[in-house]
Amino acid sequence: MSRSAVDIAKSARAAFEASQLLTSEQRSNALLAVREELERCKEEVLEANKKDMNGWSELQAAQEQVAAGKLSAPLVKRLDLSSSEKWASMLQGVTDVANLPDPTNKVTYATKLDDDLELYRVTCPIGVLLVIFEARPEVVVNIASLAIKSGGLGGYFHGFTLMTLGFSLVGNAAILKGGKESSHSSKILAECIRNALSRSNISEDFIQVVQTREEISELLEQD
């Protein structure tokens, strides 16, 4: 039985709260498990991606839609995961994020305001993330990797719609919504990530996807 968008958000917050004492090493190990799982389920992902590529209409696949002028070639190129170079780059990105230093709890600014009164700016998690992006399925992996690694994500998300859900405390769990054109690919990629997390110190509900505008509207109503 499917869950409501609010239940998804609440479980994301609970997943973060259960992970607050994890070390950077444990998060990195979870990311390596994600990469391993993605490698294992490559054929399933590419099969789902093929459904997206062929699912534009009953009569026309993506490339035919381009030829007919109904779809842009750049969009189709972003959607397609079958390139070995794109797949390798996606996996390498997971490893690269795993190897990043922990960006949380870093003092980025300090000043003395008065006697015995000092002001510090310290990096910290910003809440359960709701991220909306276009039909680029590998972005599911990109964002999930950054979310798992750390909570201080604001500087990384150039070009995405990034919001924090008001009822969250702190955290870096992520709820993802990709373009409808990549729905099959996004769903299977998230399932692979969740499977890997279920075998790690991080709850699988740390990363979740929603598919509809109605779910987004329901999430944005939360305070």
Ignoring hydrogens and angles, tell me if any N or O in the side chain of [X] forms a donor-acceptor pair with the backbone of [Y] under 3.5 Å.
X      : Y      : value
Lys86  : Lys77  : yes
Ser89  : Glu85  : no
Arg136 : Arg78  : no
Asn201 : Arg27  : no
Thr23  : Gln26  : yes
Ser182 : Ser185 : no

Could you grab the distance from atom [atom1] of [X] to atom [atom2] of [Y], nearest 0.5 Å is fine?
X      : Y      : atom1 : atom2 : result
Tyr120 : Thr108 : OH    : OG1   : 12.5 Å
Glu204 : Ile202 : CD    : CD1   : 12.5 Å
Asn49  : Leu79  : CG    : CG    : 5.5 Å
Glu218 : Glu221 : CD    : CD    : 7.0 Å
Ser11  : Gln208 : OG    : CD    : 3.5 Å
Leu22  : Phe16  : CG    : CZ    : 9.5 Å

Other ILVMFWY residues reachable from Leu21 by side-chain steps of under 4.5 Å: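 When side chains under 4.5 Å apart are linked, Leu21 ends up in no cluster with other residues.
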When Ile, Leu, Val, Met, Phe, Trp and Tyr are grouped by side-chain heavy atoms lying under 4.5 Å apart, directly or through other members, which residues fall in the same group as Leu32?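 Other cluster members: none.
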For residues [X] and [Y], determine if any side-chain heavy atom of one lies less than 4.5 Å from a side-chain heavy atom of the other.
X      : Y      : answer
Asp52  : Leu81  : no
Ile143 : Ile207 : no
Pro137 : Leu189 : yes
Lys10  : Val6   : yes

Go through it in stages, so that I can follow the logic: the residues are Ile193 and Phe206, the test is side chain to side chain contact (heavy atoms under 4.5 Å, CB included), and I'd like the CA-CA distance, side-chain angles, deciding distance and then a yes or no. CA-CA 10 Å; Ile193 293 168; Phe206 215 75; over 6 Å; no
Between [X] and [Y], which heavy-atom pair has the shortest distance, and what is it?
X      : Y      : answer
Leu219 : Ala5   : CD2-O, 3.3 Å
Ala30  : Leu197 : CB-CD2, 4.2 Å
Ser28  : Lys149 : OG-NZ, 2.8 Å
Ser186 : Val209 : O-CG1, 4.3 Å
Leu91  : Arg35  : O-NH1, 3.2 Å
Ile132 : Ile216 : CD1-CG2, 4.1 Å

Considering only NZ, NE, NH1 and NH2 on the basic side and carboxylate oxygens on the acidic side, decide whether [X] and [Y] come within less than 4.0 Å.
X      : Y      : value
Lys51  : Glu47  : no
Lys177 : Glu215 : no
Arg194 : Glu191 : no

Give a yes or no on whether Glu36 atom CD has more than 12 heavy-atom contacts from other residues, nucleotides or ligands under 6.0 Å away.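 Not more than 12 within 6.0 Å, no.
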Linking I/L/V/M/F/W/Y whenever any side-chain heavy atoms sit under 4.5 Å apart, do Leu119 and Leu117 land together?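 Linked, Leu119 and Leu117 end up in one cluster.
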Take Lys42 and Val45 through the side chain to side chain contact (heavy atoms under 4.5 Å, CB included) test and state the conclusion after the steps. CA-CA 5 Å; Lys42 179 179 179 179; Val45 173; 5.7 Å; no
Quiz question: by atom type and distance under 3.5 Å, do the side chains of Asn142 and Glu138 form a donor-acceptor pair?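 No.
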